[in-house]
Amino acid sequence: MTVTNQYTRTAKGLHWLMALLLIGLIMLGFYMHDLPLSPEKLQFYAWHKWAGVSAFLLVWIRLAWRIRHRPPALPVDMPKVMQLAAHAGHAMLYLLMLAIPLSGWLMSSAKGFQTVWFGVLPIPDLLGKDKALGDLLADVHTALNLLFIAVLVAHVGAALKHHFIDKDDILRRILPGRTV
Ligand code: HEM
């Protein structure tokens with residue numbers, strides 16, 4: 001287990017790569033959902049699924065890294081309840097980063113649309129075709145995304161509060177550059 005007072009280059013890289021990927025996935029997901037049926041819509045669905053499978057793989061890599069590299073400690077003068085909220089928020093983000101792609105994969109399986117990753121690697125379906133279950137899983141996928149957006153808004157709000165109000169090192173230590 002490595003312990004430092006900085007996030008490692010890998011932790012920072014994975015954080016910002018996944019932030020971009022997940023925010024892009026959310027925007028594409030809501031945009032494509034409302035489009036009328038067309039070849040373009042189907043292409044967007046395929047891209048969304050390929051990126052979602054990639055995010056699912058990346059979060060496992062990130063978790064494997066995280067287990068072996070403890071993040072820097074929170075400021076000692078930060079109230080215990082805020083420290084607890086920060087840890088709970090991060091745990092929630094990890095949980096949702098796993099649950100959201102998994103619910104998409106289950107939904108796609110139940111709807112009978114197999115995912116072929118980047119058009120070359122078929123991903124096994126986790127469920128048999130079942131329209132009612134597919135519709136239910138689509139609602140679950142949307143609800144989990146709405147919850148994710150709420151946690152994310154709190155996460156970004158907390159990061160900005162640390163930077164501009166508390167004027168501590170929390171945001172700077174995860175920004176690119178100044179790495180151990
Ligand atoms: C989809 C987008 C994002 C996700 C999923 C995400 C997720 C996470 C997670 C899970 C951690 C905890 C790392 C750990 O200790 O293991 C973290 C840390 C952090 N994130 Fe994000 N993040 C996102 C976007 C952002 C954005 C946009 C900002 C800033 C404006 C930000 C600022 C931070 C900061 C400052 C930390 C470090 C907190 C500390 O030092 O304890 N994140 N993020």
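Counting convention: from 1, in listed order, for ligands and their atoms alike. In what follows, every heavy atom counts, from backbone to side chain, and hydrogens, waters and symmetry copies are set aside.
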Side chain or backbone of [X] under 4.0 Å from ligand 1, or both, or neither, by non-hydrogen atoms?
{"X": "Trp65", "value": "neither"}
{"X": "Arg62", "value": "side chain"}
{"X": "His162", "value": "neither"}
{"X": "Leu160", "value": "neither"}
{"X": "Pro71", "value": "side chain"}

Return the option from [options] holding the heavy atom at the smallest distance from [atom].
{"atom": "atom 5 (C) of ligand 1", "options": "Met18, Arg172, Met97", "value": "Met97"}
{"atom": "atom 38 (C) of ligand 1", "options": "Tyr7, Phe148, Tyr94", "value": "Tyr7"}
{"atom": "atom 18 (C) of ligand 1", "options": "Gln6, His163, His87, His155", "value": "His155"}

Has His90 got an N, O or S atom lying less than 2.8 Å from atom 21 (Fe) of ligand 1?
no

Can you check whether [X] reaches [Y] side chain to side chain, under 4.5 Å on heavy atoms?
{"X": "Trp16", "Y": "Leu175", "answer": "yes"}
{"X": "Val140", "Y": "Leu106", "answer": "no"}
{"X": "Ile170", "Y": "His163", "answer": "no"}

Protein residue, atom and distance nearest to [atom], heavy-atom basis:
{"atom": "atom 14 (C) of ligand 1", "value": "Arg66 NE, 3.4 Å"}
{"atom": "atom 36 (C) of ligand 1", "value": "Ile174 CD1, 3.7 Å"}
{"atom": "atom 4 (C) of ligand 1", "value": "Leu152 CD1, 3.9 Å"}
{"atom": "atom 28 (C) of ligand 1", "value": "Trp16 CH2, 3.5 Å"}

Whether Phe56 and Trp105 hold their rings parallel, tilted or perpendicular, with breakpoints at 30° and 60°
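Judged by the thresholds at 30° and 60°, the geometry between Phe56 and Trp105 is perpendicular.
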
Determine the interplanar angle of the Phe118 and Trp50 rings, folded into 0 to 90°, and report it as parallel if under 30°, tilted if 30 to 60°, perpendicular if over 60°.
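The arrangement is tilted - the two ring planes meet at 30° to 60°.
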
Per-atom contacts, ligand 1 versus [X] - under 4.0 Å to a heavy atom:
{"X": "Val156", "result": "26 (C), 27 (C), 30 (C)"}
{"X": "Leu171", "result": "29 (C), 35 (C)"}
{"X": "Leu74", "result": "41 (O)"}

From [atom1] ([X]) to [atom2] ([Y]), nearest 0.5 Å:
{"X": "Arg66", "Y": "Leu14", "atom1": "CZ", "atom2": "CG", "result": "12.5 Å"}
{"X": "Leu146", "Y": "Ile26", "atom1": "CG", "atom2": "CD1", "result": "9.0 Å"}
{"X": "Ser54", "Y": "Met18", "atom1": "OG", "atom2": "CE", "result": "10.0 Å"}

